[in-house]
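Working notes, beginning with the structure itself.
So that the names make sense, note that chain A is the first sequence line, chain B the second, and so on, each numbered from 1.
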2 protein chains.
Amino acid sequence: MLPNRGVALDSFRKPAFVKRMRDAKPNKEKSPKKPAAADRPVGVRRPDAARIPGASVHTSLASEIGLRIVRGDYPPGTILPNEAKWSETFSVSRSAVREAIKMLMAKSLLASRPKIGSWVEPKERWNLLDRDVLAWYATSPDREVFLKTVQEFRHIIEPEATAFAAMRRTDEQMAEISQACREMGEAASLQERTRADTRFHLAILRASGNDLLVPLGVLIESAFDHLFTYTTRAVDDLNHAQKLHEAIEKNIRLQRPDAARAAVRKLLANTDGVIRSR
Amino acid sequence: MLPNRGVALDSFRKPAFVKRMRDAKPNKEKSPKKPAAADRPVGVRRPDAARIPGASVHTSLASEIGLRIVRGDYPPGTILPNEAKWSETFSVSRSAVREAIKMLMAKSLLASRPKIGSWVEPKERWNLLDRDVLAWYATSPDREVFLKTVQEFRHIIEPEATAFAAMRRTDEQMAEISQACREMGEAASLQERTRADTRFHLAILRASGNDLLVPLGVLIESAFDHLFTYTTRAVDDLNHAQKLHEAIEKNIRLQRPDAARAAVRKLLANTDGVIRSR
DNA sequence: TTTATGTGTATTGTCAGACAATATTGCTTT
DNA sequence: AAAGCAATATTGTCTGACAATACACATAAA
């Protein structure tokens, strides 16, 4: 019943690579500390921690720890502070810590064993295509590099996905694509436009008929997220981009895979230009 | 600090789409039941559940529940039995159930709210490229379809990844690739060979210089996992496949992106043939 | 009747404290 | 010096309690 981790080869071994960095403190002593615990009444429960208003404790905790790991505070192989320590640091219960850690384990950022502790997994195991991990990852290096990586990935994926969509889309899927495209053109605000843009590309992925392509949508969302600041408001550019989108829509509608692929390549090249020129 | 879920557009709403299927029972009444609780002494703790010897309780639980979800026992939108129910069903503590559920939430299979319960997320949110989810997914439909999907994905990814590897690989990365290729040729058993084969392809992904390509290695692993049964033992085929691999290795070594890409396409076509002919 | 308001209640969220399982570490004995 | 053994630290698991939340229903007001 247990999923077959990796290939048959069960060369599973003790975490021999873990560096014994006991009671490891974060690398960079930027010390997140409590960013001024001012307007907080004394004696109240749950004093510090990176509490986020709307979110549950374990979710916030997972975000905080996950971010630190991805950011490189605890390099792969190091042993994290133990559960009691986290519990104390953030003034939360051990259960909350455990649930947070379980979330990070599910994303393959961590693994743990009794008497050893929890250590950071090697980077190539990280599930970088996970929404959260990607978001954390996006904050660490300068945006430039991240955006370039994502954009490169889009070049690999989207042309082919679109070609498949042109071959296999259902009428219903086509309707979604067309509507998103139309709404892009009619959008009043830039935000609304970006929204429709995202829907457009996600709909194409769904229409590709390959289930495995769908989860890559997070990359596109992330790209638009970070592209937003770059986006030019020049009307000419917007019109041009709109035409490129419409070309894609048309070729999918007419079921022309090759033309659709080419159209996507053009759009991506255009986006590349926007990034480069900034 | 909280990762920006999706694009800016916070059209976050109450789970309006959840079907109110209270105390939902699994769809298919295949009733996994306890598959004969024979050789188990009476009165012992933790009687049934899908306990897996080596694994922790919450991990086993997550596997069991995750498999059921992916398999379609609880379609997207349905509300799962509550924590107490699971706890009772599997005779484990509520904490264990919660930790398991947190793992599934981290993979976006579930979400939950107080007073509502936990519901299955829409399929397009599932993190299908996660190791575990992929493994569960691989068990559900017939292998044919799954393999075809994965293979199609490889056609999209690997040629481009290899071209990048040819351009950007370091000497160290090249050494890994070459060694894996060599070990493929020298492998004594089929299993050993598959092992090296996997390493070969993963090394190429790593050498591509695009961090986002690395996590896709799980797909390759999964492919080989399921391809294993198909693998022919005919010496001619093995020799042929080996030559194709060596061609790839050579073109990466000589830094010829286009030739490398073409070589990978050939190899994939060959693999396609193996699948089709079976 | 329709709309607002409050009240009950089921479910997850959080906490606290205990014990079990496990593997490292150092000590003891042969 | 080698082998076995005990001490110990850390995660794993269980139990029981209370808080927070938002649906559902009854009740009251317009």
Any heavy-atom pair between the side chains of A:Leu80 and A:Trp86 that's under 4.5 Å?
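Sidechains of A:Leu80 and A:Trp86: in contact.
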Measuring only between side-chain heavy atoms, which start at C-beta, is A:Leu205 closer than 4.5 Å to A:Ile220?
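Of all side-chain heavy-atom pairs linking A:Ile220 with A:Leu205, at least one is under 4.5 Å.
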Please give, in whole Å, the distance from [N] [atom2] to [X] [atom1]?
| X | N | atom1 | atom2 | answer |
| --- | --- | --- | --- | --- |
| B:Glu88 | C:dT11 | CD | C1' | 16 Å |
| B:Ile116 | C:dT11 | CD1 | C1' | 9 Å |
| A:Arg113 | C:dA23 | CZ | P | 7 Å |
| B:Trp119 | C:dA10 | CH2 | P | 19 Å |
| A:Phe90 | C:dC15 | CZ | C1' | 18 Å |
| B:Lys102 | C:dT14 | NZ | P | 8 Å |
| A:Glu99 | D:dT11 | CD | C1' | 15 Å |
| B:Asn82 | C:dG13 | CG | C1' | 14 Å |

Does a side-chain N or O of [X] approach OP1 or OP2 of [N] to a distance below 4.0 Å, or not?
| X | N | result |
| --- | --- | --- |
| A:Ser112 | D:dG12 | yes |
| B:Ser56 | D:dT11 | no |
| A:Arg98 | D:dT11 | no |

For the pair B:His201 and B:Phe224, name the ring-plane relationship: parallel under 30°, tilted 30 to 60°, perpendicular over 60°.
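If you compare the ring of B:His201 with that of B:Phe224, the planes turn out tilted.
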Nearest-nucleotide comparison on DNA chain D, the residue closer to the 5′ end among A:Glu83 and B:Ala96
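Here A:Glu83 is the residue nearer the 5' end.
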Let me spell it out: for each of A:Ile101 and B:Ser95, pick the nucleotide of DNA chain D with the closest heavy atom. Which residue's pick is nearer the 5' end?
A:Ile101
Please tabulate, one pair per line, each protein N/O and nucleotide N/O from nucleotides 17-20 of chain D that are separated by under 3.5 Å, including the distance.
from: D:dA17; atom 1: N6; to: B:Arg94; atom 2: NH1; distance (Å): 3.3

Taking atom types as modelled, find out whether B:Thr59 and B:Ser56 have a side-chain donor-acceptor pair closer than 3.5 angstrom.
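Judged by distance alone, the side chains do pair up.
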Pairing of A:Glu176 and A:Arg206 as salt bridge, 4.0 angstrom limit:
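Judged by the 4.0 Å cut-off on N to carboxylate O distance, A:Glu176 and A:Arg206 do form a salt bridge.
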State whether B:Glu183 and B:Arg193 are salt-bridged, where the test is any N-O pair (Lys NZ or Arg NE/NH1/NH2 against Asp/Glu carboxylate O) under 4.0 Å.
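Not counted as a salt bridge, because no side-chain N and carboxylate O are separated by less than 4.0 Å.
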Please tell me which of the listed nucleotides, C:dC15, C:dT14, C:dT12, lies nearest to the side chain of A:Val92?
C:dC15
Among all residues two or more places apart in sequence or in another chain, which pass the ring-ring contact (aromatic ring centres under 6.0 Å, His included) test with A:Phe153?
none
